[in-house]
Novice: 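Below are the structure tokens for one structure; questions will follow.
Fair warning: this is a prediction, and the values are worked out from it, not measured in the lab.
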Amino acid sequence: MAKKETVQIPSTKITESIVKILLREGFIKNVRKHKKNNKNLLILSLPFYRKKGTYRTILKRISRPSFRIYSKYQRIPRILGGIGIVILSTSRGIITDREARLQRIGGEILCYIW
């Protein structure tokens, strides 16, 4: 959604848990739920910088339905030396790379964000 201040996405358990991580890490300003035509939506407010006209967030999807990528906790990549985050789907839910290393669990790598 190029140059938009708000984005609407369908609300599922996975998207809600990913949005919670993004909100906690500061990649999203605000989140609110909205019901439209019996469908639940999440409305995300993105941090948009008017001076530069760009977002500072880049999200790269790694694991796809046709090509799943799994990793042990020792081999989870560090994005930009720890500045970025990796979102993983584990047996204990969807968590960041830092939490996975502390809990010593691996899982499916969903995306990189920096």
Side-chain angles (χ1 to χ4, degrees):
M1 298 303 227
K3 297 185 180 180
K4 302 285 183 188
E5 291 185 15
T6 61
V7 178
Q8 293 181 1
I9 60 171
S11 177
T12 63
K13 289 182 182 181
I14 293 174
T15 57
E16 285 182 11
S17 57
I18 290 173
V19 165
K20 284 180 188 176
I21 291 173
L22 295 177
L23 186 64
R24 186 177 62 219
E25 296 288 331
F27 291 105
I28 295 174
K29 282 198 302 190
N30 193 10
V31 178
R32 54 190 171 100
K33 287 187 177 183
H34 183 68
K35 192 165 189 168
K36 185 177 184 181
N37 298 334
N38 289 333
K39 293 185 181 182
N40 292 326
L41 297 172
L42 292 174
I43 300 173
L44 311 176
S45 298
L46 303 175
F48 184 71
Y49 298 104
R50 296 235 181 250
K51 292 179 186 174
K52 298 177 185 175
T54 59
Y55 294 102
R56 65 176 174 92
T57 305
I58 298 173
L59 185 136
K60 183 177 180 185
R61 184 175 180 182
I62 302 300
S63 196
R64 301 184 309 262
S66 62
F67 188 63
R68 308 270 186 192
I69 305 294
Y70 296 94
S71 177
K72 296 179 181 179
Y73 78 93
Q74 299 100 330
R75 295 188 178 256
I76 297 172
R78 295 186 193 273
I79 306 302
L80 295 176
I83 296 172
I85 63 171
V86 177
I87 296 182
L88 297 135
S89 176
T90 66
S91 60
R92 297 184 187 162
I94 296 179
I95 58 175
T96 64
D97 56 339
R98 292 180 208 113
E99 295 168 351
R101 285 189 198 98
L102 287 175
Q103 296 177 13
R104 295 181 173 238
I105 54 174
E108 180 182 356
I109 298 176
L110 297 179
C111 60
Y112 299 153
I113 301 170
W114 68 91

Novice: For a quick test of reading the model, state the closest non-hydrogen atom pair linking Tyr112 to Pro77 and the distance between them.
Specialist: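 Scanning both residues completely, I find the closest heavy atoms to be OH-CG, 3.3 Å.
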Novice: Same hydrophobic cluster for Ile95 and Val19, using side-chain heavy-atom links shorter than 4.5 Å among ILVMFWY?
Specialist: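 Shared cluster, no.
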Novice: Give the minimum heavy-atom separation between Lys29 and Leu46, together with the two atoms involved.
Specialist: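 So the two residues come closest at CE-O, 3.5 Å.
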Novice: Is there a side-chain contact between Ile21 and Ile87 (heavy atoms, below 4.5 Å)?
Specialist: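 Yes, at least one pair of side-chain atoms sits under 4.5 Å.
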Novice: Atom CD1 of Ile109 and atom CZ of Arg75: how far apart are they, to the nearest 0.5 Å?
Specialist: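 Ile109 CD1 to Arg75 CZ: 11.5 Å, rounded to 0.5 Å.
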Novice: Is the closest side-chain heavy-atom distance between Lys33 and Leu42 below 4.5 Å?
Specialist: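 In short, these two side chains touch, coming nearer than 4.5 Å.
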Novice: Check for a donor-acceptor pair, side chain of Arg78 on one end and backbone N or O of Val86 on the other, with a separation under 3.5 Å.
Specialist: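 Absent.
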Novice: Does the side chain of Val7 come within less than 4.5 Å of Ile43's, by heavy atoms?
Specialist: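 A side-chain contact under 4.5 Å is absent here.
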Novice: Could you state the interatomic distance from CZ (Arg68) to CG (Leu110), rounded to the nearest 0.5 Å?
Specialist: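 Reported to 0.5 Å precision, the distance equals 9.0 Å.
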Novice: Calculate, to the nearest 0.5 Å, the distance between atoms CG and OG belonging to Leu23 and Ser45 respectively.
Specialist: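 Reported value, rounded in 0.5 Å steps: 10.0 Å.
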Novice: With no hydrogens and no angle check, just 3.5 Å: does a side-chain donor-acceptor pair link Tyr73 and Arg101?
Specialist: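 Arg101 and Tyr73 do not have a side-chain donor-acceptor pair below 3.5 Å.
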Novice: Report the distance from atom CD1 of Ile94 to atom CD of Glu108, rounding to the nearest 0.5 Å.
Specialist: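 The CD1 atom of Ile94 sits 9.0 Å away from the CD atom of Glu108.
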Novice: Between Thr15 (side chain) and Ser11 (backbone), is there a donor-acceptor pair under 3.5 Å?
Specialist: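 No; zero donor-acceptor contacts below 3.5 Å.
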Novice: Just jot down the side-chain contact (heavy atoms from CB on, under 4.5 Å) partners of Lys39, sequence neighbours excluded, or say none.
Specialist: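 None.
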Novice: Kindly write out the residues that satisfy salt bridge (charged side-chain N to carboxylate O under 4.0 Å, His left out) with Arg24, not counting sequence neighbours, or none if the list is empty.
Specialist: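 Salt bridge (charged side-chain N to carboxylate O under 4.0 Å, His left out) list for Arg24, sorted by chain: Glu99.
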Novice: Test side chain to side chain contact (heavy atoms under 4.5 Å, CB included) on Arg98 and Gln103; report intermediate values, then the result.
Specialist: CA-CA 9 Å; Arg98 292 180 208 113; Gln103 296 177 13; over 6 Å; no
Novice: Taking all non-hydrogen atoms of both residues into account, name the closest pair between Leu88 and Ala100 and its distance.
Specialist: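 Between these two residues, the closest heavy atoms are CD1-CB, 3.6 Å.
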Novice: Can you tell me if Arg61 uses its side chain to pair, donor with acceptor, with the backbone of Ser63 under 3.5 Å?
Specialist: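 Flag set: sc Arg61 to bb Ser63 pair under 3.5 Å.
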Novice: Hydrophobic clustering (ILVMFWY, side-chain heavy atoms < 4.5 Å, transitive) - are Ile85 and Tyr70 grouped together?
Specialist: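 No; tracing contacts between hydrophobic side chains, which count when under 4.5 Å, never links both residues.
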Novice: Do Ile105 and Arg92 come close enough that some side-chain heavy atom pair is under 4.5 Å?
Specialist: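 Yes, their side chains come closer than 4.5 Å.
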Novice: Is the shortest heavy-atom distance from the side chain of Asn30 to the side chain of Thr6 under 4.5 Å?
Specialist: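 No, every pair of side-chain atoms sits at 4.5 Å or beyond.
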Novice: Does a side-chain heavy-atom distance below 4.5 Å link Ile113 with Ile58?
Specialist: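 Counting from C-beta outward, Ile113 and Ile58 never come under 4.5 Å.
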Novice: May I ask you to test the Ile18-Ile14 pair for a side-chain heavy-atom distance under 4.5 Å?
Specialist: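 Yes, their side chains come closer than 4.5 Å.
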Novice: Are Cys111 and Leu59 close enough that some pair of their side-chain heavy atoms sits under 4.5 Å apart?
Specialist: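 They are in contact (side-chain heavy atoms under 4.5 Å apart), so the answer is yes.
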Novice: If you round to the nearest 0.5 Å, how far is CD of Gln8 from CZ of Arg32?
Specialist: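 With rounding to 0.5 Å, CZ (Arg32) is 8.5 Å from CD (Gln8).
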Novice: Shared ILVMFWY cluster between Leu22 and Ile9, side chains joined below 4.5 angstrom?
Specialist: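 Same cluster: Leu22 reaches Ile9 through Ile, Leu, Val, Met, Phe, Trp or Tyr contacts under 4.5 Å.
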